[in-house]
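The block underneath contains the structure these notes are about, expressed in structure tokens.
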Protein chains: 2
Amino acid sequence: MTRDPDATGPDATDPGGTGTGPAGGGANLAVLRGHNAALVLDLLRTAGPDGISRLELADRTGLTPQAVSKITARLRAEGLADGAGRRASTGGKPRTVLRLVPGAARAVGVHLDRDGATVVLTDLAGTPLAVRRRSLDLTAGPGPVLAAVAAEVRALPSAGPARMLGAGVAMPGPLDHRRGVPGRVTGAPVWAGEPVRDALAARIGLPVTLDKDTNAAALGLALRPGAPRSFAYVHLGTGLGAGLVLGGVPLRGARTGAGELGHQTVQLDGPPCACGARGCLEVLCLAAVARGDLPGAARLLGTGAANLVRLLDADRILLGGRVVRGAPDVLAAGVRAVLAGLGLPVPVETVTAPHAVATGAAHLVLAPFFGLDGTAGGATLGPVGGPVGGE
Amino acid sequence: MTRDPDATGPDATDPGGTGTGPAGGGANLAVLRGHNAALVLDLLRTAGPDGISRLELADRTGLTPQAVSKITARLRAEGLADGAGRRASTGGKPRTVLRLVPGAARAVGVHLDRDGATVVLTDLAGTPLAVRRRSLDLTAGPGPVLAAVAAEVRALPSAGPARMLGAGVAMPGPLDHRRGVPGRVTGAPVWAGEPVRDALAARIGLPVTLDKDTNAAALGLALRPGAPRSFAYVHLGTGLGAGLVLGGVPLRGARTGAGELGHQTVQLDGPPCACGARGCLEVLCLAAVARGDLPGAARLLGTGAANLVRLLDADRILLGGRVVRGAPDVLAAGVRAVLAGLGLPVPVETVTAPHAVATGAAHLVLAPFFGLDGTAGGATLGPVGGPVGGE
DNA sequence: TGCACTTGGGCAACAGCGTTGCTTAAGTGC
DNA sequence: GCACTTAAGCAACGCTGTTGCCCAAGTGCA
């Protein structure tokens, strides 16, 4: 790998030498710089168009103002940040406001559903710039589907001077996020073991990240400004699943298997499920939906949500998916009622954004830029010392 | 705070200036050094008495051998590490083996149970050196109980030249781990709102960390050599709870409320529970234990474990607590049978160590030394770049 | 026994990080 | 118009891991 001495972004170098083997955890100066740059970028992103001042950045990061000045100078030189006027003076020189330049880079998000593909182009802030939708049959397998997806990606408006970071792909699980390989997808077992990530990367000439649809949606929601640190995104569509965000990072587990809310047993002697258990939440919930009993489905969803809140101490429940988009108020009210009845004061919201999964897929590519990999469970280097520093 | 130029431990300075406010995330050279030192210390700890060579440390951390030499030299100067012979030569100069010096520091672990307190003194590796047990009534409240605990701590063998790091306290939840304050403990509501951490710290003159008993036990298990990255510790005693370890770090949640396995609904129309719900796992499981139906309790536990495995993608299930210690084989077999029946090939083990919770409580103090705070969800500064570094 | 070779590890110089001390810029308020 | 306050940059600095080089300490073959 060549080394560009002018590059200062979080991805400028190959810190830690991850070329081969495990190579875990060791931090050198390049990692340090990348970490702080990503931290500042994340604060700029969260601040949105309003921007944020250097001193506020220093306060939020714990770095000295001078360090923030140096870091932001590098980011400005890279074109990732720029000034945006001044704040009102408080008796002295007014603060200069800094802002993320959303147009500095772009990303592609792909949502592979059972009956189609949604492809979205976003800027660095994750704002959708263009959306394309194409009907296709997932059971046709990787060959034709990926060819169609690649065509849609190429049909997106060209990036121009903006740097294209890559593409994130979200599809139904199970799959292996690390290797980028799907498992035995329900209803489309052709995909099992196919190297989807690498195959698509070769087709479109961009880095590709693969993840479950629920994880992608949860990641996109986790990166919204003001998002809670820990929440559960409950998705009710053709199936029932959840994306769990704990401490700002999606929980995937070693085999990307986390979030299987649908096969939680909630009725020991309930109806049998294809998974081998009885009384799975998904079976009960889908049955209620099928017979038109949305309040009943909401109550079941509420029980599942209560289990999540109690087990994970989640700050919020977000409801999404086709069924929820169809009747957001009924479902949210039902879930809220169950939680309130148990004395769990957790806010419940519905996600009605049209392309939440596809946008979230784009965030799979954007998140590492802001230090939010999530691959290994959080990239935050907290202040060391803990309770020992009492000397 | 005074600055000691000779100190090189992970807690040597106040990196990032955490004096006031949030001060999150920003990393300076002191943080960098502490991070790498903690990383190396953790590898030394995991290697145990066999030790580990410099080159292996370099390989595992991703640091250069020279950096490892500098870091280990500092650790040796601090008395935290030393040489332990040489490995067999592979054709050249044989590798020098380094080892953690367990006697370099000590910690105290306190397990506050409903009917007594267990106090354990451990070395830096977490090995118990002395154990004291005292019967007392938790409902008597913080005053008398903490006085008794302080007396037991003082009665422990003196540390001698070893540095005393502090004391970890484990007690039934709910409680606030960050502030060190218990909530409304079932059966002993006197403790609600009492500043237990600070009160005990003042009494014994040591830094104190407070956590739930299940979290402490899970932490102790997570720090055992060869422990899986993600597992659930299921504790069945007077109640039913769980300690969740995800990515090597205990999951606590914002309000230290995570792990409430006992109040997971598994039978929608089941018997009512004091928590307001019906069919809570704890109620069903304790009822089975009460009527002597241990296989039945094991099946229920297995259902709860299966829910955990599916929701969190856990690598292993560890069973502990008074009931499990009484009949480990019956319960483990029952849980294994349920998991196997669902096609979940997850190992199930029982924890029969006599003072697992008290030892785990000591690890609350030891863990930050090895970069395993867990307070903010993982202190690992992973290699930055992610999927973007494909240029 | 002696020599070439391989492998481990330390010394010294170095690039680059955030920090510190100081100066300059740019406002407010009397 | 002047003193004061606050923001931001310049320059020197301490300290990090890295690099290049040399020495130490083994094996293996002649």
Side-chain angles (χ1 to χ4, degrees), chain A residues 3 5-8 10 12-17 23 25-37 39-40 52-59 61-74 76-77 83 85-98 381 383-384, chain B residues 3 5-8 10 12-17 23 25-37 39-40 52-59 61-74 76-77 83 85-98 381 383-384:
Chain A
R3 198 187 165 98
D6 290 336
T8 50
T13 56
D14 181 19
N28 56 21
L29 288 175
V31 171
L32 182 75
R33 177 174 65 171
H35 172 80
N36 286 338
L39 205 66
V40 169
I52 184 173
S53 71
R54 284 179 180 77
L55 287 173
E56 207 173 340
L57 286 170
D59 196 51
T61 58
L63 296 169
T64 58
Q66 183 62 25
V68 171
S69 278
K70 284 190 176 183
I71 292 166
T72 54
R74 287 198 297 259
R76 295 179 68 161
R86 301 178 163 181
R87 287 223 197 291
S89 166
T90 59
K93 178 175 175 176
R95 300 184 174 183
T96 312
V97 175
L98 297 171
L381 180 60
V384 184
Chain B
R3 198 187 164 97
D6 290 337
T8 51
T13 55
D14 179 19
N28 55 21
L29 287 175
V31 171
L32 182 75
R33 177 173 66 172
H35 172 80
N36 286 337
L39 205 65
V40 170
I52 185 172
S53 71
R54 284 179 181 76
L55 287 173
E56 208 173 341
L57 286 171
D59 196 50
T61 57
L63 296 169
T64 57
Q66 183 61 25
V68 171
S69 278
K70 283 190 177 183
I71 292 166
T72 55
R74 288 199 297 260
R76 295 179 67 161
R86 301 178 162 180
R87 287 223 198 291
S89 166
T90 60
K93 180 174 176 175
R95 301 183 174 183
T96 311
V97 175
L98 297 172
L381 180 60
V384 185

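Interatomic distance, CD1 of A:Ile71 versus CG of A:Asn36, reported as 4.5 Å (0.5 Å rounding). The CZ atom of B:Arg95 lies 8.0 Å from the CZ atom of B:Arg87; values are rounded to the nearest 0.5 Å. Within the model, atoms NZ of B:Lys70 and OG1 of B:Thr64 stand 8.5 Å from one another, a figure rounded to the nearest 0.5 Å.
In this structure, CG of B:Leu57 is placed 16 Å from C1' of D:dG17, rounded to the nearest angstrom. Summarising the geometry, the separation between NE2 on B:His35 and C1' on D:dC15 is reported as 17 Å, rounded to the nearest angstrom. Computed from coordinates, the A:Arg95 CZ to D:dG9 P distance equals 14 Å when rounded to whole Å. Atom CZ in B:Arg76 sits about 12 Å away from atom C1' in C:dG10, given to the nearest Å. A:Asp59 places its CG atom 11 Å from the P atom of D:dA7, with the value rounded to the nearest Å. Taking atom CG of residue A:Leu32 and atom P of nucleotide C:dG18, one finds them 6 Å apart after rounding to whole Å. Distance NZ (A:Lys70) to C1' (C:dT20): 11 Å, rounded to an integer number of Å. Rounded to whole Å, atom P of D:dG17 lies 8 Å from atom CZ of B:Arg33.
Considering only side-chain N and O atoms, A:Asn28 lies under 4.0 angstrom from the phosphate OP1 or OP2 of D:dT18. At C:dG9, one or more side-chain N or O atoms of B:Thr96 fall inside 4.0 Å of OP1 or OP2 (strictly under the cut-off). A sub-4.0 Å separation between OP1 or OP2 of C:dT19 and a side-chain N or O of A:Thr64 is present. Between B:Ser69 and C:dG9 there is no side-chain N or O to OP1 or OP2 distance below 4.0 Å. Note on A:Asn36: a side-chain N or O is less than 4.0 Å away from OP1 or OP2 of C:dG18.
B:Leu55 comes within contact range of the sugar-phosphate backbone alone, with a heavy-atom separation under 4.0 Å but no base atom that close. Looking at heavy-atom distances under 4.0 Å, A:Ser53 makes no contact with the nucleic acid at all.
Residues B:Arg54 and B:Ser69 meet the side-chain proximity criterion, which asks for heavy atoms closer than 4.5 Å. Taking 4.5 Å as the limit, some side-chain heavy atom of B:Val68 sits within range of a side-chain heavy atom of B:Thr61. Considering only heavy atoms from C-beta on, B:Leu57 comes within 4.5 Å of B:Thr72 through its side chain. For the pair A:Arg76 and A:Leu98, the minimum side-chain heavy-atom distance is below 4.5 Å.
Scanning atom types as modelled, one donor and one acceptor separated by under 3.5 angstrom connect the side chain of B:Gln66 and the base of C:dC11.
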Listed pairs, N/O of protein and of nucleotides 25-27 of chain C, under 3.5 Å:
residue: C:dG27; atom: OP1; partner: A:Arg86; partner atom: NH1; Å: 2.7
residue: C:dG27; atom: N2; partner: A:Gly91; partner atom: O; Å: 3.0

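When all heavy atoms are compared, the tightest approach of A:His35 to B:Ala27 is CD2-CB, 3.7 Å.
With D:dA7, D:dA12, D:dA8 as the choices, the nucleotide that has an atom nearest any side-chain atom of A:Arg54 turns out to be D:dA8. Here the side chain of A:Ile71 is nearest to one of D:dA7, C:dG18, C:dC17, namely C:dG18. Minimum atom distance to the side chain of B:Leu63 is reached by D:dT18, of the listed C:dG9, C:dT19, D:dT18.
Each of A:Val68 and A:Thr90 was matched to the nucleotide of DNA chain C holding its nearest heavy atom; the match closer to the 5' end belongs to A:Val68.
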